[in-house]
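Each chain gets a letter, A, B and so on, in the order the sequences are listed, and its residues count up from 1.
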Amino acid sequence: MKIVQQLQALTQRAITQAYGKEIDAEKIVINATRSDMDGDFTVVTFALAKLLGDRPDAIAAKIGEALEASAEDVSGVSVVKGFLNINLAGSFWRKQLEAIKDEDQFGYAAKKGIKTAIEFSSPNTNKPLHLGHVRNILLGWSISKLLEAAGHDVVRVQIINDRGIAICKSMVAWQKFANGATPASLSRKGDLVVGDYYVRFEAEFQEEYRAWQNTPAGKAALADVKVKEGEEPAKKYKNTYFNTISPLGKEAKEMLLAWEAGDPSVRELWSTMNGWVYAGHNATYERMGVTFDKLYYESDTYLLGKAMALKGLEKEAFYKKEDGSVWADLTDAKLDQKIILRADGTSVYITQDLGTAHQRFEDFGMDRMIYVTGDEQNYHFQALFAALAKLQEPYADQLYHLGYGMIDLTTGKMKSREGTVVDADDLMEQVVAEARANAEERAEITESDASTRAESAEQVGLAAIKYYILRVGPKKRMVFNPKESVELQGTTGPYIQYSYVRAFGVSARAEKEGYDAAAGGAYNELAPAERDLVKHLLTLPEVIEQAAEELDPSQVASYAYALAKGYHRFWHDHSVLSAENEAAKAFRVGLSHAVAKTLRTSMDLLGISLPERM
RNA sequence: GGUCCCAUAGCUCAGCUGGAUAGAGCAUCUCACUUCUAAUGAGACGGUCACAGGUUCGAAUCCUGUUGGGAUCACCA
């Protein structure tokens, strides 16, 4: 039982003793005592004043007296205005620590029998993963771990957007300019190669468009474009040009049609180039420590979506317009009319999502489904959920969309077209290099060999990136400062890792050298730093529960940081191996052991691994 | 115009279901290393919690409105 609940029960009894009235225990407000006041927990009595017909300070005094007399774990009380500060005995905290120290899955909830599917990352197959994906992947992975810790059965899925005009652009450019080059012949990651040709296509297209603008036909067409003030005709006309005039655009569109028709040579090129991308993406995922249970491909599910649309028509959940297009009326969900199928029977974005959702339910029978995407898709998911509700899909009321805020670079907004994206691979490489440089500088202190240093640099660099991004609440738009993200000091992953290195190192050494573990039972006068650590350790289950409930890894990030900080402070003031006596030593070894274990648990929930040396 | 998200120290961010004098990190300035690993610790400096009302014994937190920033409202994904 949680300590606060125990105290509520005790306080409830004390009130009955002092006033002869029964108060609902849950209504008694008990908070952690402010750090600058003496005490562990504080009963806030203002709300009780009316119920008991007494003044807050008098209530605090009377409850305090009763508590001190009857509760053996209460070592002292003090009253400040209406606040009753309670001190719990050192032996109480010592016993609490002993109870969790070797608990295998401390912080994890029992299985709830709820199956949750979570979709994240879900890239296009025409380019490498970039900074936006990094936030998506880290959030998705961490939330999936949190849900598992909270007792859910989790299935991690992706929908891979492997078809469409974008990949066709890469394919056209590759055919025209690559001379048969492959990732192997270029010694370059496959996703980067395909991305190169996507960029090449865009560059060639820009050039073609610019040249056309200077032809008589181009000038005439642009002169007719109506624009608002500050808008450029050429920019506004670009899509129209691509779709109706551009030779390159025509090639790409013909390729898309050939793909849809199942043209064997186009399909073959398509699957070859997608294969390159998958190999590249997988390498990136692997380095990030992320895996998926099941992948869905848009090239499969867009057909399923069409079936869903037709089912919707049968059920009269959707309706057909005169031109043959299929629509959903979502006005009762405060949304608009939403198209489900085009007049020519081809699918739109939402169509494949309908199909994918249904297929997943067939595959897994999940109770809940969580989508992690950028918040620019908030409206899309509202519409998707409303449409699934209209179809009366059984899981329709258990769908969640987590739209995270855009991640901006310090230099400005992140736009792939302007070439200011930070590539995921480059980012990891840069930060790991920084960590390596740091480790080399400290090589004398750590007395480690080169391969150990390289390994820990990898862990440290990745921790820096992951922590930097996950410490911010998901919905908040955040600024990514490349310089600052490399920083290994302050509120960072490496700071926490260092705390772990200390806690783990010292407890492992004590185990190895041997100490009198039983002596700890005599240690009942905890120093403030020790008491704070034990208290903080004990809150892990609540932190996990709430973070999972709110789909918010940043709460765990804060928790881990506070724990690491507390341990650093403790370390500074107290010696473990050369403690004053055997009792103190035994207690501190146990404390260090528990801190190390808890840091490991909480950082694991963020997808961050901890080195034993650094 | 409709809907949604955001606004806290110079900068980047915490602040749980309303509780005491709003907290960290970075930056700036001090101090502490022949270490159980100083990638650390201690201190100083830094605030009209966007603004205005309301609810309450009590509001950064809840409600309403205003302002500012962003997203979205495509037969794009």
Side-chain angles (χ1 to χ4, degrees), chain A residues 29 31-37 42 44-47 49-50 56 80-83 85 122 124 161 164-166 239 298 323 325-327 334-336 338-344 346-353 373-380 382-383 403-406 408 410 413 435 438-439 441-442 445-448 460 468 471-473 475-481 484 487-492 494-499 501-502 505-507 509-510 539 542-543 546-547 550 554-555 557-558 561-562 565 567-579 588-589 592 613-614:
Chain A
V29 180
N31 297 329
T33 303
R34 283 175 57 103
S35 59
D36 55 343
M37 307 291 281
T42 298
V44 183
T45 61
F46 297 97
K50 263 183 198 162
V80 182
K81 291 188 274 183
F83 299 97
N85 297 323
S122 301
N124 287 318
N161 303 302
I165 196 74
N239 273 338
E298 193 197 335
D323 65 359
S325 56
V326 178
W327 293 73
K334 285 192 189 168
L335 301 167
D336 294 322
K338 188 86 188 169
I339 187 155
I340 305 292
L341 274 184
R342 296 188 184 104
D344 63 4
T346 57
S347 62
V348 293
Y349 183 39
I350 197 169
T351 321
Q352 59 97 356
D353 265 340
T373 79
D375 63 6
E376 69 275 7
Q377 296 197 42
N378 285 356
Y379 183 85
H380 166 75
Q382 278 184 46
Y404 59 85
M406 167 117 48
D408 292 319
T410 30
K413 280 189 209 167
N438 243 286
E441 265 178 43
R442 288 166 28 89
I445 307 172
T446 55
E447 295 172 6
S448 56
V460 169
Y468 187 87
R471 59 186 255 263
V472 180
K475 286 188 182 167
K476 278 183 103 157
R477 194 185 178 113
M478 71 174 287
V479 175
F480 187 85
N481 182 338
E484 203 177 284
E487 202 49 64
L488 308 179
Q489 271 145 14
T491 317
T492 64
Y495 173 92
I496 298 168
Q497 288 180 315
Y498 187 51
S499 187
V501 166
R502 286 176 152 181
V506 80
S507 57
R509 190 163 147 188
T539 61
E542 292 158 61
V543 171
Q546 191 170 339
E550 296 175 16
S554 75
Q555 295 176 24
S558 295
Y561 176 75
K565 187 175 171 140
Y567 192 75
H568 279 311
R569 190 177 287 150
F570 156 80
W571 183 273
H572 185 262
D573 294 338
H574 307 281
S575 178
V576 177
L577 298 178
S578 317
R588 287 175 192 160
V589 171
S592 300
R613 297 184 64 81
M614 62 190 275

Could you tell me which nucleotide pairs with B:U34 by Watson-Crick or G-U wobble geometry, both distances under 3.5 Å, or answer none if nothing does?
none
Touch check for A:Met37, heavy atoms < 4.0 angstrom, all strands: base, sugar-phosphate only, or nothing?
base
As a test of reading the structure: which of B:C75, B:U40, B:G25 is closest to the side chain of A:Thr491, going by heavy atoms?
B:G25
What about A:Asp323, does its side chain sit under 3.5 Å from the base of B:C75 through a donor-acceptor pair?
yes
Base-pairing mate for B:G23 - Watson-Crick or G-U, with both contacts under 3.5 Å:
B:C13
By nearest atom, which of the nucleotides B:C36, B:A24, B:C75 is closest to the A:Ile339 side chain?
B:C75
Rounded P spacing from B:C4 to B:G15 in Å:
23 Å
For the residue pair A:Tyr349 and A:His380, categorise the inter-ring angle as parallel (less than 30°), tilted (30 to 60°) or perpendicular (more than 60°).
parallel
Kindly determine whether A:Tyr495 and A:His568 satisfy side chain to side chain contact (heavy atoms under 4.5 Å, CB included), including the steps that lead there.
CA-CA 10 Å; A:Tyr495 173 92; A:His568 279 311; 3.3 Å; yes
Using atom C1' of each nucleotide, how far apart are B:U56 and B:U12 to the nearest Å?
34 Å
Using Watson-Crick or G-U wobble geometry with both distances under 3.5 Å, which nucleotide pairs with B:G53?
B:C63
Distance between C1' atoms of B:U61 and B:U8 (Å, rounded)
12 Å
C1' atom, B:A27 versus B:U3: distance in rounded Å?
40 Å
Under 6.0 Å from the ring centre and within 45 degrees of the ring axis: does the NZ or CZ of A:Arg471 meet both conditions for the six-membered ring of A:Tyr468?
yes
Which one is paired to B:A44, where only Watson-Crick or G-U wobble pairs with both distances under 3.5 angstrom count?
B:U28
Just call it for A:Val543: base, sugar-phosphate, or nothing, with non-hydrogen atoms closer than 4.0 Å on any strand.
nothing
Could you tell me how far B:G54 sits from B:A59 if I compare only their P atoms? Round to whole Å.
12 Å
Gap separating the NZ atom of A:Lys81 from the OG1 atom of A:Thr45, nearest 0.5 angstrom
11.5 Å
How is A:Gly505 classified with respect to the nucleic acid when contacts are heavy atoms under 4.0 Å: base, sugar-phosphate, or nothing?
nothing
What do you reckon, do A:Trp571 and the base of B:G41 stack, with centroid distance below 5.5 Å and planes below 30°?
no
Mind checking the P distance from B:A60 to B:C51? Whole angstroms is fine.
11 Å
Report the base-pairing partner of B:A39 (Watson-Crick or G-U wobble, both distances below 3.5 angstrom), or none.
none
Separation of the C1' atoms in B:A77 and B:U72, to the nearest angstrom
14 Å
Nearest-angstrom distance, C1' atom, B:G47 to B:C13:
15 Å
Partner nucleotide of B:U3 by Watson-Crick or wobble geometry (both distances under 3.5 Å):
B:A71
Derivation and outcome, side chain to side chain contact (heavy atoms under 4.5 Å, CB included), residues A:Leu335 and A:Gln382:
CA-CA 8 Å; A:Leu335 301 167; A:Gln382 278 184 46; 3.3 Å; yes
